[in-house]
Amino acid sequence: MSAIIENTRNGALKRNLLRQMLQANVFKFGEFQLKSGQISPIYIDLRECFGHPQLAMLISEALSKQIESSGTEYSGVLGIPYAALPYASVAAAHFLKKPLLIVRKEAKSYGTKKLIEGLYKPNDCLVLIEDVVTTGGSILDVLRTLHAESLVATDVFCILDREQGGCQKLKDAGVNMHSLLDMNTVLTFLYSTGTITENQWHGIVKALNLEYSSPVKVDICLELENLSSLPYVDNIRSLLAEREALTDSPLNKKLVTLMRRKKSNLCLAIDYTTTDKVLQMIELAGPFVLAVKLHADAIRDFNEEFTSKLTTMANNMDFVIFEDRKFADTGNTTALQLTGIQKIAAWADVVTVHAVQGNDSIGGVFRKFVNDPSYRLKGILLIAQLSTKGSLTALNGYTESAVSIANDNRDVVSGFIAQTRVSACSDLLNWTPGINLDAKSDSVGQQWRGVDQAIDVQQNDIVIVGRGVTSSSEPVQQLKRYRQMAWDALTKNDTSIH
Ligand SMILES: O=c1ccn([C@@H]2O[C@H](COP(=O)(O)O)[C@@H](O)[C@H]2O)c(=O)[nH]1
């Protein structure tokens, strides 16, 4: 039951599944005979979900995520016939990219006469997908067929555990059962949303011999939550002191040390077009910021005298220089750009890099610069999510792919540009743009939200503030305001600070 009250992505995912199931008429009330012969006042008909593509995709995605995070080793996905087959197909082909296997209820009397269809060899280990588990009988039947073909299955993933003994029977047969939802959660949701009364709750619990004592009402509305605005990972940030000790990246060690010393997780985006104005703003901002972010190609009179002053100021005022170049080309071209007219690698501590060009065009080229002490460049931030409306980084799988490139290049990637926390690795820092306390959007695609949303709810580490400060007539006041709010939000539960 706790799953639906959790203030996490997982909790929101479960709430959304239940909300969409309710809309799709999955929960039916009356008198139904179950496969076991038992009479039930509730029937949970997950076949109704087939008619709602968005819901069917959400279920398949949730099952796939559960399979991935369980750490189970497997070579193929087998759907238990028939109701689980659509979810198993989408999960295997679309999300997990693994072969799909199907087991027949009865052998064909012609052709290959095979009971199990798909790509497999003896001793392969499969994960099983089921829709509803009541007694576990259908799964045990399938296990017998698999064993006869020398196939192994250690884990079954189901949408709903009716909590009527199936989990224990499977455990006795050596199989772990994982479920997205259980009956207690479903009944709590139905009762809390006023779909069933207290009397109905008791009637269902009694008829199904469930061992729940009394209904619990939780605060839950029927409006769908925006899953993409929530952190990808449910674990909370570790303490700053631990992160400082844990990280192998010299850049992140410097950043976390600076953060703690300056009490600042604020990066100022100075999008001015002349060197004078940029340097004047840095003079004001230096004491309050962790980093200064530039777009060198937007500065009309950009020159080497400027970068020399910039690096001196960074060294004296203790901030990191961040060039938001967003590299996105072949490795060869990126190397040329890093050493081209602006000599970015010589003065920037960190740069942004798109994930779109793929792994091989990222790791190799940046590793060369980061490991060469004659360059200032010490790390890159991969763009996992953009703040702009309609950004293609929201396409299914994009952010996960960026995270996977980061995982493959941990010596070079020091973190992400993202809207929500995207990685469970707490030594990778999440930098987030799209912050403004006084406006929600501009007229050309930017979307802003507040500091608490970004740091507290979405679990980012560093806020990137631009026009919220640079367009203000009182920039120092604004710098103090953003710095204080961001620091308070980051450290409010950090016992290594307080
Ligand atoms: O997704 C992204 C990536 C980068 N940015 C950059 O951050 C600043 C934001 O400035 P505002 O004035 O607060 O809009 C700007 O330099 C962008 O290029 C981003 O906004 N979103």
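Numbering of residues begins at 1 and proceeds along the displayed sequence. Whatever order the structure lists them in is the order used to number ligands and atoms, beginning at 1.
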TODO: Specify whether Phe27 and Phe189 have parallel, tilted or perpendicular ring planes, treating 30° as the upper limit for parallel and 60° as the lower limit for perpendicular.
DONE: tilted
Task: Mutual orientation of the aromatic rings belonging to Trp431 and Phe322 [parallel < 30°, tilted 30-60°, perpendicular > 60°] - done: perpendicular
Would you mind running through ligand 1 and noting each atom that sits below 4.0 Å from a heavy atom of [X]?
X: His295; result: 16 (O), 17 (C), 18 (O)
X: Gln446; result: 9 (C), 11 (P), 14 (O), 19 (C), 20 (O)
X: Ser387; result: 1 (O), 2 (C), 19 (C), 20 (O), 21 (N)
X: Arg467; result: 11 (P), 12 (O), 13 (O), 14 (O)
X: Asp271; result: 15 (C), 16 (O)
X: Ala269; result: 8 (C), 16 (O)
X: Lys293; result: 6 (C), 7 (O), 8 (C), 15 (C), 16 (O), 17 (C), 18 (O)

Select one of side chain, backbone, both or neither to describe which atoms of [X] lie under 4.0 Å from any atom of ligand 1, heavy atoms only.
X: Gln419; answer: neither
X: Leu386; answer: both
X: Asp324; answer: side chain

[Y] side chain reached by [X] side chain, heavy atoms, under 4.5 Å:
X: Leu294; Y: Trp347; value: yes
X: Val463; Y: Asn460; value: no
X: Ile362; Y: Ile380; value: yes

Task: Criterion ring pair (Phe, Tyr, Trp, His ring centres under 6.0 Å) against Tyr87, the qualifying member of Phe157, Phe50, Phe95 - done: Phe50
TODO: Look at the side chain of Gln447 and the backbone N and O of Ile435, then say whether any donor-acceptor pair between them is shorter than 3.5 Å.
DONE: no
Please report which non-hydrogen protein atom sits nearest to [atom], along with the residue it belongs to and the distance in Å to one decimal place.
atom: atom 10 (O) of ligand 1; answer: Gly466 CA, 3.7 Å
atom: atom 13 (O) of ligand 1; answer: Trp448 NE1, 3.0 Å
atom: atom 2 (C) of ligand 1; answer: Pro433 CG, 3.3 Å
atom: atom 4 (C) of ligand 1; answer: Lys326 NZ, 3.4 Å

Open item on the list: Tell me whether the NZ or CZ atom of Lys217 lies within the 45° cone about the ring axis of Tyr191 and under 6.0 Å from its centre.
Closed with: yes
- [ ] Check Asp427, Asp461, Asp494, Asn252 against Arg243 for a side-chain hydrogen bond (donor to acceptor under 3.5 Å, both in side chains) and give me the one that passes.
- [x] Asp461
